Engineer: 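Have a look at this one before I ask anything.
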Amino acid sequence: LEFECNFRGEALWVSCGEWSVHAVATQLNNAKATVITAVAVRYGSEILVAKLNTSVSTEVDNETGLEPRRYMLLLNSTDPLDGSEGWVSGAFLTASGFNNRLTIEDVSGNVVKASFLRDLIVLQVAPRDGCFNKTFGLTGNNNGIKSDDLIIQDTGEIL
């Protein structure tokens with residue numbers, strides 16, 4: 001199944017129960033293509049937002065050998081990284097980052113990995129085992145059958 005995902009604005013990437021992942025895509029320069037520039041992970045009433053920061057240098061730090069952090073985080077609308085060492089923990093969500101790769105986990109075992117490149121974010125999601133055949137959104141229903149991933153749940157309508 002080939003599916004070109006070129007959306008603009010916010011889209012539901014995946015959802016299962018109290019967990020959902022939303023992606024925000026913007027147009028890349030003056031091209032027709034769009035790229036993900038922000039991601040929001042929700043579990044229950046808690047929301048963690050990670051936004052791409054394209055204003056930082058791409059130069060490697062001489063002391064650490066790492067590039068500067070290319071993302072900004074908001075946990076329930078506040079900056080949780082103020083004075084922290086890269087670990088953020090709320091009531092339901094935990095985030096850890098290293099070398100522009102952020103891992104966000106919830107208390108049920110759902111995992112989102114975001115890689116922050118110069119102009120875009122690459123997302124990987126791993127729903128918990130209990131979400132088998134229960135997810136919805138752009139990533140499909142998580143049942144292992146590619147042919148029914150673009151069918152709207154309980155309607156039979158194909159996207």
Side-chain angles (χ1 to χ4, degrees), residues 1-28 33-58 60-61 64-82 84-146 149-150:
L1 175 69
E2 290 185 24
F3 179 65
E4 180 181 318
C5 183
N6 195 16
F7 65 96
R8 191 171 177 182
E10 183 178 340
L12 178 63
W13 198 255
V14 66
S15 184
C16 176
E18 292 189 84
W19 174 70
S20 65
V21 179
H22 291 251
V24 175
T26 58
Q27 192 171 356
L28 181 62
T34 60
V35 293
I36 297 173
T37 56
V39 60
V41 179
R42 179 190 58 82
Y43 189 92
S45 60
E46 192 164 73
I47 300 172
L48 182 76
V49 176
K51 295 180 182 180
L52 183 66
N53 183 357
T54 57
S55 67
V56 297
S57 168
T58 57
V60 173
D61 183 287
T64 65
L66 301 174
E67 294 177 347
R69 190 174 66 217
R70 284 196 213 99
Y71 58 88
M72 300 171 285
L73 291 180
L74 293 174
L75 178 61
N76 296 324
S77 301
T78 61
D79 181 359
L81 288 179
D82 189 29
S84 77
E85 295 297 319
W87 288 85
V88 174
S89 187
F92 305 113
L93 298 168
T94 302
S96 59
F98 179 75
N99 201 20
N100 288 309
R101 284 162 184 76
L102 184 67
T103 301
I104 304 167
E105 299 180 64
D106 68 32
V107 294
S108 292
N110 298 298
V111 179
V112 175
K113 292 189 178 201
S115 298
F116 293 82
L117 306 180
R118 191 182 78 203
D119 294 321
L120 60 100
I121 301 171
V122 176
L123 286 180
Q124 295 175 305
V125 295
R128 67 184 183 278
D129 290 341
C131 288
F132 181 79
N133 203 27
K134 295 180 182 175
T135 63
F136 59 93
L138 289 178
T139 59
N141 59 18
N142 190 36
N143 68 357
I145 303 169
K146 292 179 183 180
D149 279 345
L150 300 178

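Please read these numbers as outputs of a predicted model, since none were measured by experiment. The first residue of the sequence shown is numbered 1, and numbering continues consecutively from there.
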Engineer: Please identify each residue that fulfils side chain to side chain donor-acceptor pair (under 3.5 Å) with S57, with sequence neighbours left out.
Structural biologist: none
Engineer: Return the OG1 to CZ distance between T54 and F116, rounded to the nearest 0.5 Å.
Structural biologist: 12.5 Å
Engineer: Report yes if some heavy atom in the side chain of V39 is under 4.5 Å from a heavy atom in the side chain of H22; otherwise report no.
Structural biologist: no
Engineer: Which pair of heavy atoms, one from I121 and one from A38, lies closest together, and at what distance?
Structural biologist: CD1-N, 3.5 Å
Engineer: Just how far is it from atom CG of L117 to atom OG1 of T58, taken to the nearest 0.5 Å?
Structural biologist: 12.0 Å
Engineer: Heavy atoms, side chains only, cut-off 4.5 Å: are Y71 and N53 in contact?
Structural biologist: no
Engineer: Taking N100 for the side chain and S115 for the main chain, is one N or O donor matched with an acceptor at less than 3.5 Å?
Structural biologist: no
Engineer: Between K134 and P127, is any pair of side-chain heavy atoms under 4.5 Å apart?
Structural biologist: no
Engineer: Nearest 0.5 Å, what's the NZ-CG distance between K113 and L123?
Structural biologist: 13.0 Å
Engineer: To the nearest 0.5 Å, what is the distance between CD1 (I104) and OG1 (T94)?
Structural biologist: 10.0 Å
Engineer: Which value, rounded to the nearest 0.5 Å, describes the distance between T37 atom OG1 and L52 atom CG?
Structural biologist: 6.5 Å
Engineer: Would you say the side chain of V112 lies within less than 4.5 Å of the side chain of V125, judging by non-hydrogen atoms?
Structural biologist: yes
Engineer: Report yes if the side chains of L102 and L73 come closer than 4.5 Å at any heavy-atom pair, otherwise no.
Structural biologist: yes
Engineer: Show me, pair by pair, the donor-acceptor contacts under 3.5 angstrom made by side chains of residues 40-51, not counting sequence neighbours?
Structural biologist:
{"unit_1": "R42", "atom_1": "NE", "unit_2": "S20", "atom_2": "OG", "d": "3.3"}
{"unit_1": "R42", "atom_1": "NH1", "unit_2": "E18", "atom_2": "O", "d": "2.9"}
{"unit_1": "R42", "atom_1": "NH1", "unit_2": "G44", "atom_2": "O", "d": "3.3"}
{"unit_1": "Y43", "atom_1": "OH", "unit_2": "S108", "atom_2": "OG", "d": "2.7"}
{"unit_1": "E46", "atom_1": "OE1", "unit_2": "A91", "atom_2": "N", "d": "3.4"}
{"unit_1": "E46", "atom_1": "OE1", "unit_2": "F92", "atom_2": "N", "d": "2.7"}
{"unit_1": "E46", "atom_1": "OE1", "unit_2": "L93", "atom_2": "N", "d": "2.7"}
{"unit_1": "E46", "atom_1": "OE2", "unit_2": "A91", "atom_2": "N", "d": "2.8"}

Engineer: Would you check if V14 and W19 make a side-chain contact, meaning some heavy-atom pair closer than 4.5 Å?
Structural biologist: yes
